[in-house]
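Let me begin by presenting the structure, written as structure tokens, before commenting on it.
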Amino acid sequence: MTKSEEIIALFDQYVMPTYGRLPLVFVRGNGSRVWDADGKEYLDFGGGIAVNVLGHAALTDVLLKASAQLVHVSNLYYTEPQGRLAKKLVELVGTPGKVFFCNSGGEANEALFKLARKFGNGRYEIITFLNSFHGRTLAGISATGQEKVKTGFAPLVEGFRHVPFNDLDAVTKAVGPKTAAILLEPIQGESGIRPATPEFLRGLRQLCDDRKLLLMYDEVQCGIGRTGEFCGFKAIAPDAIPDAISWAKGLAGGFPMGAIWARQPFQDVLSPGTHATTFGGTPLACKVSLAVLEKLEKDDLLTNARTTGEYFVRELRKLSGVKEVRGIGLMVGVELNVEAKPFILKMAENGLIGVIAGTHVVRFLPALNVTRSEVDEAVEKFRKTLAAI
Ligand SMILES: *Cc1c(COP(=O)(O)O)cnc(C)c1O
């Protein structure tokens with residue numbers, strides 16, 4: 001038995017089989033590289049699914065220092081890092097508002113659902129989109145526009161209605177007297193990197209203004225600089241400013257953290273006693289997130305996400321044998337003519353990690369500090385995998 005096989009055997013016996021895992025056991029990382037339990041090196045262009053925005057082993061100093069001072073108190077009290085991080089996030093969005101902290105994308109979207117219902121004051125329906133993904137909580141799967149996540153979990157949470165993405169007429173027709181909000185990913189991630197059009201986002205903004213609805217963006221995957229803009233929607237239509245945003249994944253660069261932002265005048269809708277979470281916004285998590293956001297600025301990583309992302313897409317488009325390459329910044333999807341799952345395994349054998357999206361798309365969500373030479377190396381490994389099929 002190899003070391004990897006030994007560890008996989010533990011999972012077979014003791015870990016619930018909720019994931020379709022690849023037979024890879026990682027033990028160590030540095031920047032955009034990871035190593036498995038048998039010493040093999042990989043270029044990590046999955047980024048832990050858009051989480052590791054600074055790559056691996058990038059947060060050691062802040063984790064050590066912050067944990068020596070204060071890990072957790074409780075939201076019954078105030079701590080400076082939470083206040084400072086909220087201010088920073090509001091500044092990065094660029095529109096006055098306030099922030100609520102939690103621990104994951106699913107939990108952040110739950111906060112959006114509650115915000116919408118409280119705002120709706122009797123209106124409770126939220127319009128979401130086909131092929132969307134909003135997390136695995138019960139309300140999250142109810143919001144998600146994909147049957148496969150719902151199977152076996154009926155009855156679902158009431159009040160979600162799904163319409164085709166980028167179809168403004170369909171949304172307009174779906175708005176009824178019970179509608180309170182519209183929720184979408186500005187770039188659909190799990191279903192294969194599919195961006196909203198600028199006209200669609202602007203049309204939704206207008207519709208929400210006309211019908212007094214909240215426009216809410218799930219930026220759990222496309223936020224935190226991934227597109228070359230801090231907010232994903234700004235890479236599409238900077239004027240289509242939402243009323244609320246959810247974040248998680250890259251927010252603290254791999255340390256678990258989620259949050260929502262809501263603009264004036266909706267920022268105080270979730271009033272004292274209406275929402276809470278024990279671990280939300282601990283001083284440790286907030287210091288880590290502040291360190292990530294500072295690094296994004298100091299090293300100009302949004303520019304790198306944009307320019308290196310454009311370069312990556314250009315290079316991928318030169319390859320023959322792929323159906324389509326879609327991407328904004330370092331959120332890149334390659335649609336294959338074959339199923340993505342076995343392809344991704346072959347790619348890993350060639351030393352490149354990517355993530356499946358939909359059935360035929362390989363998704364690349366590398367660290368935002370990835371270099372051109374790492375991109376060249378990834379494209380070469382990708383080409384080699386294509387040539388072998
Ligand atoms: C990953 C993801 C979620 C769920 O986040 P978790 O942290 O896994 O709960 C929700 N929405 C989108 C767009 C995501 O990509």
Side-chain angles (χ1 to χ4, degrees), residues 16 18-21 46-53 100-116 126-146 148-150 153 157 160 162 165 181-196 201 215-227 231-233 235-236 242 244-261 277 279-281 285 288-289 292 326-333 354-358 361-366:
M16 289 191 191
T18 60
Y19 303 98
R21 297 179 201 263
I49 318 188
V51 167
N52 300 319
V53 291
F100 170 83
F101 290 102
C102 55
N103 308 283
S104 70
E107 207 190 346
N109 286 338
E110 290 284 336
L112 289 185
F113 305 148
K114 285 181 72 177
L115 175 76
I126 300 174
I127 296 173
T128 65
F129 294 88
L130 296 177
N131 299 316
S132 60
F133 182 77
H134 298 297
R136 295 290 195 147
T137 61
L138 198 54
I141 62 173
S142 307
T144 293
Q146 302 183 53
K148 67 176 186 196
V149 306
K150 307 178 196 243
F153 298 109
V157 174
F160 293 98
H162 307 104
F165 195 56
I182 297 171
L183 170 68
L184 74 156
E185 304 159 77
I187 303 163
Q188 290 189 334
E190 298 301 306
S191 65
I193 314 294
R194 297 176 194 280
L201 292 187
L215 179 60
M216 311 196 296
Y217 292 158
D218 178 342
E219 294 224 350
V220 168
Q221 189 163 155
C222 71
I224 322 293
R226 178 126 315 260
T227 60
C231 292
F233 76 89
I236 300 171
I245 302 174
S246 58
W247 293 296
K249 294 203 161 88
L251 180 56
F255 199 83
M257 184 174 223
I260 68 164
W261 163 90
T277 180
F279 290 120
V288 173
S289 179
V292 169
R326 295 184 287 272
I328 300 187
L330 286 169
M331 190 167 182
V332 176
V355 182
I356 193 167
V361 177
V362 178
R363 214 175 352 160
F364 293 115
L365 306 152

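Quantities reported herein were computed from a predicted structural model and do not represent experimental measurements. All ligand and atom numbering here is 1-based and tracks the order in the structure.
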Checklist entry - Which one of G232, G105, C102 has a non-hydrogen atom at the shortest distance from atom 6 (P) of ligand 1? => result G105

Checklist outcome for this item: Note: ligand 1 atoms sitting under 4.0 Å from heavy atoms of G135 are 4 (C), 10 (C)

Checklist outcome for this item: Applying ring-ring contact (aromatic ring centres under 6.0 Å, His included) to F100 and not counting sequence neighbours gives H275

Next on the checklist: Checking contacts here: is it the side chain or the backbone of H134 that comes within 4.0 Å of ligand 1, counting heavy atoms only? Could be both or neither.
Outcome noted: backbone

Next on the checklist: Which option wins on minimum heavy-atom distance to atom 13 (C) of ligand 1: D218, L184, L183?
Outcome noted: D218

Checklist outcome for this item: Checking heavy atoms under 4.0 Å, the part of N109 that sits near ligand 1 is side chain

Checklist entry - Counting only N and O atoms by type, is there a donor-acceptor contact under 3.5 Å from the side chain of S289 to the main-chain atoms of L251? => result yes

Item to check | Results of ring-ring contact (aromatic ring centres under 6.0 Å, His included) for F364 - residues two or more places apart only | outcome: F312, F382

Item to check | Ring geometry between F160 and F113 (parallel below 30°, tilted from 30 to 60°, perpendicular above 60°) | outcome: perpendicular

Checklist outcome for this item: The atoms of ligand 1 lying under 4.0 Å from a heavy atom of S104, numbered in the order shown, are 7 (O), 9 (O)

Checklist outcome for this item: In ligand 1, the atoms that come under 4.0 Å of a heavy atom of E185 are 13 (C)

Checklist entry - Is K249 touching ligand 1 with its side chain, its backbone, both, or neither, if touching means heavy atoms under 4.0 Å apart? => result side chain

Checklist entry - Can you tell me if H162 and T128 form a side-chain donor-acceptor pair at under 3.5 Å? => result yes

Checklist entry - Only one of R226, E190, Q188 clears side-chain hydrogen bond (donor to acceptor under 3.5 Å, both in side chains) with Q221; which? => result E190

Checklist entry - Is it true that the side chains of T277 and E107 contain a donor and an acceptor less than 3.5 Å apart? => result yes

Item to check | Residue and atom name of the nearest protein heavy atom (relative to atom 9 (O) of ligand 1), distance in Å to one decimal | outcome: G106 N, 2.6 Å

